[in-house]
There are 2 protein chains.
Amino acid sequence: MPKVKTSKEEVLKKVIPILRSRGVQNSSMSELSKACGIQKSHFYYYFSNKEDLIREVLATVHSYFNYNLFKIIESNALSLNEKVLKMKLLLDKLFRASDGGCIMANTALETIHLDPTYKKEIQSFFKDFILGLQQLLEVHHSTEKALLLAEQMVQDIEGGILLTQIYDDPKYINNAMKRTETAILNL
Amino acid sequence: MPKVKTSKEEVLKKVIPILRSRGVQNSSMSELSKACGIQKSHFYYYFSNKEDLIREVLATVHSYFNYNLFKIIESNALSLNEKVLKMKLLLDKLFRASDGGCIMANTALETIHLDPTYKKEIQSFFKDFILGLQQLLEVHHSTEKALLLAEQMVQDIEGGILLTQIYDDPKYINNAMKRTETAILNL
DNA sequence: GTCTATAGATCGATAGAC
DNA sequence: GTCTATCGATCTATAGAC
């Protein structure tokens, strides 16, 4: 067998969509390494164990999310309308139900009661998600009202992702996004 | 060893809280049978395999939920206020975040992308959940508006359960319940 | 209680870049 | 040659199942 050249970044990129749609517990190290076209042992060269892999996956997703979300929100060149549109595109990319929904929510429900290993990262992710929405809502609402609305929107969106997955029907997440848009633009 | 007399109902009752909080994938047949104080082989006498067990668990939860929810909703003796109060108590019992949240949502996210085995039951559960809320909302809203609100409330509640579990803070589910109450009573 | 499959994990060997 | 990224093989524990 010829050796295959890879990198940790490449491996993470290939592995994230699988973990998102199959879930953490249902993805074995063998399966993941096979999907990357490398030996399992090589996987352990990159990640000392499965927990370590998942931790890196969640951190990668979180930092990608943060970078893009706050780039939009803090832009001076975009109108509020444009910010909302771009945010919707970002959320669709990260949360699309047909691709497994929100890996943070999935991992939370899969692991949080057994092992709080990933709790901090997940908490931090949702803190930023809520904060981002709050900042957009503060254009038309008071700080306190904006926070409460942001929390409600995150709940609505995550619940919408759940129902959309259960029924294979995008209307639930779409309705949640519409309500979010309405609240931000104060329509 | 003395023989232990059990029944399938007893086993289900003991097993449900474990599956709810640990999740389906993280609960082994050995662990579950041990928790019931019976031999693993006896478990396979009741349930032909793990899938069969989970199916019965979900059906049991669903029928318990349905029976109690619609008993409240269709009662002639209760005021709308009382119905809302009783429904909140039922939801708290079934969905309490400290006890593992909503077993239907948990199982959905754990399994739905691998294996649609439990999909029908979960779909049917949420259909009834939405329908129940819709009937309460129809007192003060049109049929279509009531359906849309009911879907929104279910999303809000399920998202609230998620955030409450992630942050160990009941405020998210409590806020969702308050919003639901407000919408039903038309305050 | 036992069987079989598969999970996570580790080890020693080596191809290939320098 | 050395170094290190990669491989093949294997260990141990535990899962579901009967």
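This one's a predicted model, so the numbers in the text were calculated from it and none came from an experiment.
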Quick one: side chains of residues 179-187 of chain A, donor-acceptor pairs under 3.5 Å with protein atoms, not counting sequence neighbours, listed by atom name and distance.
residue   : atom : partner   : partner atom : Å
Arg179(A) : NE   : Asp156(A) : OD2          : 2.7
Arg179(A) : NH2  : Asp156(A) : OD1          : 3.0
Arg179(A) : NH2  : Asp156(A) : OD2          : 3.4
Thr180(A) : OG1  : Ala176(A) : O            : 2.8
Glu181(A) : OE1  : Lys88(A)  : NZ           : 2.8
Thr182(A) : OG1  : Lys178(A) : O            : 2.9

Whole angstrom value for the distance that separates P of dT6(D) from OH of Tyr44(A)
17 Å
Hey, is NZ on Lys93(B) packed in by over 12 heavy atoms from elsewhere, all under 6.0 Å?
no
Quick one, which residues of residues 23-41 of chain A touch DNA chain D with a heavy atom under 4.0 Å?
Ile38(A), Gln39(A), Ser41(A)
Separation of His42(A) atom NE2 from dG12(C) atom C1', in whole Å?
16 Å
In whole Å, what is the span from the CG atom of Asp52(A) to the P atom of dT10(C)?
12 Å
Give me the distances for all protein-to-nucleotides 2-4 of chain D N/O pairs that come in under 3.5 Å?
residue : atom : partner  : partner atom : Å
dT4(D)  : O3'  : Tyr45(A) : OH           : 3.2

Can you tell me how far P of dT10(C) sits from CG of Asn49(A), to the nearest Å?
8 Å
How many Å lie between CZ on Phe47(A) and C1' on dT6(D), as a whole number?
15 Å
Looking only at heavy atoms, what is the nearest atom pair of Glu110(A) and Val24(A), with distance?
OE1-N, 2.9 Å
Please indicate whether Lys86(A) has more than 12 foreign heavy atoms, meaning atoms of other residues, nucleotides or ligands, lying under 6.0 Å from its NZ.
no
Any residue meeting ring-ring contact (aromatic ring centres under 6.0 Å, His included) with Phe47(A), in chain and number order, not counting sequence neighbours
Phe43(A)
Donor-acceptor pairs under 3.5 angstrom involving side-chain atoms of residues 96-104 of chain B: please list them, not counting sequence neighbours.
residue  : atom : partner  : partner atom : Å
Arg96(B) : NE   : Asp92(B) : OD2          : 3.4
Arg96(B) : NH2  : Asp92(B) : OD2          : 3.2

Assign the ring pair Phe65(B) / Phe129(B) to parallel, tilted or perpendicular, where the plane angle (0 to 90°) is split at 30° and 60°.
perpendicular
Just to verify, what does His42(A) make a ring-ring contact (aromatic ring centres under 6.0 Å, His included) with, not counting sequence neighbours?
Tyr45(A), Tyr46(A)
